[in-house]
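All remarks here apply to the structure that follows.
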Amino acid sequence: MADQATLNTVAAAADASSGSLSGPRGNRPRPIFSTRNIVLYGTLGLAAIYYLVPLYVMVVTSLKSMPEIRMGNIFSPPVEITFEPWVKAWAQACTGLNCDGLSRGFGNSVRITIPSVIISILIASINGYALANWRFKGMETFFTVLVIGAFIPYQVMIYPIVIVLREMGIYGTLSGLIIVHTIFGMPILTLLFRNYFASLPEELFKAARVDGAGFWNIYFRIMLPMSLPIFVVAMIIQITGIWNDFLFGVVFTRPEYYPMTVQLNNIVNSVQGVKEYNVNMAATILTGLVPLIVYFVSGKLFVRGIAAGAVKG
Amino acid sequence: MNTSVSVKDLTLKFGAITVLDKLNLDIKDGEFLVLLGSSGCGKSTLLNCIAGLLEPTDGQIFIKNHNVTWEEPKDRGIGMVFQSYALYPQMTVEKNLSFGLRISGMDKAEIDKRVARASEILQIGPLLQRKPAALSGGQRQRVAIGRALVRDVDVFLFDEPLSNLDAKLRSELRVEIKRLHQNLKNTMIYVTHDQIEALTLADRIAIMRSGLIQQLDDPMTIYNEPKNLYVAGFIGSPAMNFFKGEIASVDGRPAFVTNGVTFMLDGYRAKGPLQPGTKAVLGLRPEHISVDGPETVNTHQAVVEIEEPMGADNLIWLKHAGQSMSVRIGGNRRYSPGAQVKLAYDMSLASLFDAESELRI
Ligand SMILES: Nc1ncnc2c1ncn2[C@@H]1O[C@H](COP(=O)(O)OP(=O)(O)O)[C@@H](O)[C@H]1O
Ligand SMILES: [Mg+2]
């Protein structure tokens with residue numbers, strides 16, 4: 001009986017092995033020019049061109065002299081490369097009475113962005129941590145107000161804020177604008193941090209409390225070291241958002257404190273004299289350079305930060 | 001014996017849901033108490049209240065005869081070990097162990113001494129400079145226990161510490177926790193849903209169900225004399241066999257009748273007189289039934305349906321008195337389906353419950 005069964009198994013195994021030697025094995029080969037690949041790479045290619053062509057035109061135009069721009073078509077590469085427009089955009093272009101180019105705006109933008117980013121992230125991360133981990137009276141209300149705040153179009157609040165700043169005596173100053181940026185970043189950043197901290201294991205927080213750590217000890221020694229990715233995400237959102245801001249810059253500051261974006265607008269839209277396309281292009285690229293660099297440097301961390309929040313939840 | 005932890009009329013509500021309802025519990029000094037219950041019955045909630053991580057809605061908590069109801073977790077003299085280990089991921093094992101001590105401002109020499117002692121007891125010395133991510137589950141839980149150990153607390157609280165480990169590690173660490181308790185003689189409160197852990201570790205087991213303690217007794221009493229139907233069904237694996245029927249009197253002796261089958265209750269230690277006609281439930285554990293043994297007043301015929309050999313034991317399922325029942329016999333005694341067997345029962349180990357109140361009679 002038993003022998004018979006063993007023999008049968010052996011025979012079956014032999015059958016199977018003769019079939020498997022010649023059959024499909026390992027990775028299935030895929031043709032390169034399949035419909036799937038053509039559609040996939042075609043779409044991706046089109047999307048890339050759509051975004052890259054304007055950038056190409058800008059870079060090319062900014063490197064040409066005005067006579068060459070008037071002659072040629074906008075796609076042709078410069079015959080004679082000149083950096084004159086870049087120098088002019090940075091240091092000589094006129095806005096109103098000043099003729100010191102974008103450099104002044106750059107300085108203002110730096111002085112606006114750095115404190116706004118640091119202060120808003122600091123406050124928002126502490127808010128988010130308190131909301132996620134601690135129970136306190138009125139926390140539901142506070143949270144609701146924040147969520148609503150995240151959805152109110154901020155044009156609605158501009159005039160009231162102008163009045164408040166004027167009453168405080170800081171209307172038109174850099175500190176006034178920094179406060180405005182900090183306040184407007186608060187809802188979305190607080191939500192971001194709250195969700196991240198809420199996704200960290202609750203037992204970690206409990207363990208720290210049993211160990212005797214209080215509010216600040218837990219924040220600085222347990223939560224902060226685990227939260228680098230979300231801080232990077234918040235920094236990117238804030239740096240690019242505040243750097244690119246135009247509306248608040250115009251409304252809440254005086255001309256000598258105008259951020260780079262406002263100055264760019266004034267240069268590009270100035271009505272006197274001929275339109276210097278090459279200078280305008282150079283000025284635009286210069287203004288967009290900071291967010292661009294931030295993206296390149298932190299792109300990887302950015303993706304990781306978003307993913308970290310998503311996976312752990 | 002002094003009481004170590006005492007919970008008085010503890011009530012906890014999350015909004016409209018009452019999780020704990022006027023719960024009372026006294027734990028003796030040096031006792032190993034296990035809170036056992038199915039998932040969601042409020043075990044962790046009770047433990048968190050004792051630890052001070054949740055504020056009770058009402059009631060009091062005493063530790064070492066000191067009312068700690070309003071005190072911070074760190075001031076209660078407790079250490080806690082969690083199911084997910086909850087080690088601080090960015091700190092080395094050594095820093096994890098010493099975190100609480102450093103926060104309290106203890107001097108370096110004393111911290112080192114305590115860390116050294118804890119790592120010797122738990123045999124984690126070689127791991128001190130590693131991060132938690134580089135440890136196995138069992139090692140992580142050891143470090144988590146060490147974190148409670150270094151703080152030199154009166155009471156250890158465990159919240160399902162072994163549930164994330166695989167079966168082999170679980171039984172190893174179980175023995176280690178028992179050894180730890182024998183050496184330290186601290187009060188330990190241990191939450192689990194695993195009855196084997198409860199039976200093997202506990203001095204006393206508190207069986208919980210929807211926020212209430214059903215029975216608080218030593219493991220043998222819980223196993224042999226469950227107070228009610230729920231405890232009887234919850235403890236024991238495979239579960240106790242239950243028969244629904246009523247009390248009768250045969251030749252002036254108490255008996256239990258179900259589906260025309262009569263079980264003589266000779267030897268059953270009833271709590272009071274057994275009133276004939278009372279609707280009741282008879283509980284017989286699979287391991288308290290003998291198969292093809294000597295004849296007794298209760299010898300019944302039954303047919304084997306299924307056999308489940310488990311190595312050391314053999315579990316056979318039988319059709320008897322109109323229902324399915326299981327019997328545990330020695331692993332080398334085999335029966336094939338369809339076999340006729342003779343059953344006998346040890347009524348001194350049986351349980352009888354009132355069908356209405358579900359309480360032991
Ligand atoms: N923060 C909370 N909010 C509302 N309900 C909760 C909360 N925590 C626990 N519960 C409820 O309380 C009950 C007991 O939970 P728990 O003590 O964690 O049970 P377990 O015995 O499994 O540890 C469960 O029904 C759970 O849904
Ligand atoms: Mg639990």
Side-chain angles (χ1 to χ4, degrees), chain A residues 1 125-126 128-144 193 195-233 301 304-305 307-313, chain B residues 14-15 44 47-55 71-92 95-106 131-133 140-141 143-151 153 155-161 163-164:
Chain A
M1 236 345 234
S125 64
I126 294 168
Y129 157 68
L131 278 171
N133 291 304
W134 293 86
R135 306 189 163 275
F136 54 90
K137 274 215 174 65
M139 90 185 231
E140 310 287 330
T141 322
F142 185 68
F143 187 63
T144 315
F193 279 107
N195 289 349
Y196 183 83
F197 289 131
S199 76
L200 298 178
E202 194 194 358
E203 296 192 334
L204 216 52
F205 173 77
K206 288 182 176 174
R209 281 198 65 197
V210 172
D211 263 343
F215 188 91
W216 295 110
N217 261 324
I218 296 180
Y219 176 74
F220 283 111
R221 301 215 203 177
I222 309 290
M223 296 299 176
L224 272 198
M226 293 173 66
S227 312
L228 179 70
I230 203 68
F231 273 88
V232 172
V233 171
L301 282 169
R304 215 183 294 158
V311 173
K312 278 191 189 143
Chain B
F14 288 116
S44 299
L47 205 65
N48 280 323
C49 284
I50 295 173
L53 294 168
L54 272 176
E55 287 199 7
E71 302 217 330
E72 281 293 303
K74 68 169 162 53
D75 302 323
R76 296 188 176 204
I78 51 120
M80 193 157 174
V81 177
F82 299 89
Q83 177 176 350
S84 66
Y85 324 125
L87 299 180
Y88 313 123
Q90 74 282 359
M91 299 183 197
T92 60
K95 290 276 188 301
N96 261 284
L97 292 176
S98 62
F99 180 69
L101 306 181
R102 282 183 283 133
I103 284 199
S104 72
M106 185 180 283
K131 292 266 176 78
R140 283 181 207 184
Q141 202 52 291
V143 176
I145 295 172
R147 204 163 50 177
L149 209 57
V150 291
R151 293 187 46 243
V153 292
V155 181
F156 278 74
L157 307 175
F158 294 90
D159 193 350
E160 310 216 12
S163 295
N164 280 8

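Chain identifiers are assigned alphabetically (A, B, ...) following the order of the sequence lines, protein sequences preceding nucleic acid strands; residue numbering begins at 1 within each chain. What's counted below: heavy atoms across the whole structure, side chains too, no hydrogens, waters or symmetry copies.
A distance-only check finds no donor-acceptor pair linking the side chain of B:Q90 to the backbone of A:P225 [under 3.5 Å]. Side chain of B:R76 to backbone of A:V210: no donor-acceptor contact under 3.5 angstrom is found. Of the possible donor and acceptor atoms, none in the side chain of B:E72 sits under 3.5 Å from a partner among the backbone N and O of A:R209.
There is no contact between B:L157 and chain A, counting heavy-atom distances below 4.5 Å. Using a 4.5 Å cut-off between heavy atoms, B:D75 does not touch chain A at all.
Between chain B and the residues A:I222, A:N217, A:D211, the largest count of heavy-atom pairs under 4.5 Å involves A:D211. When B:S104, B:A148, B:P73, B:G52 are compared by the number of non-hydrogen pairs under 4.5 Å with chain A, B:P73 comes out ahead.
Closest approach of B:I103 to A:G212, counting heavy atoms only: CG2-O, 3.6 Å. Between B:R147 and A:A207, the shortest heavy-atom distance links the atoms NH2-CB, 3.5 Å.
Atom NZ of A:K206 is separated from atom OG of B:S44 by 7.0 Å, given to the nearest 0.5 angstrom. Taken to the nearest 0.5 Å, the CG atom of B:L53 stands 10.0 Å off from the CD atom of A:E203. Atom CZ of residue B:R102 and atom CZ of residue A:R221 lie 6.0 Å apart, to the nearest 0.5 angstrom.
Salt bridge annotation for A:R135-B:E55: absent, with no cationic side-chain nitrogen under 4.0 angstrom from a carboxylate oxygen.
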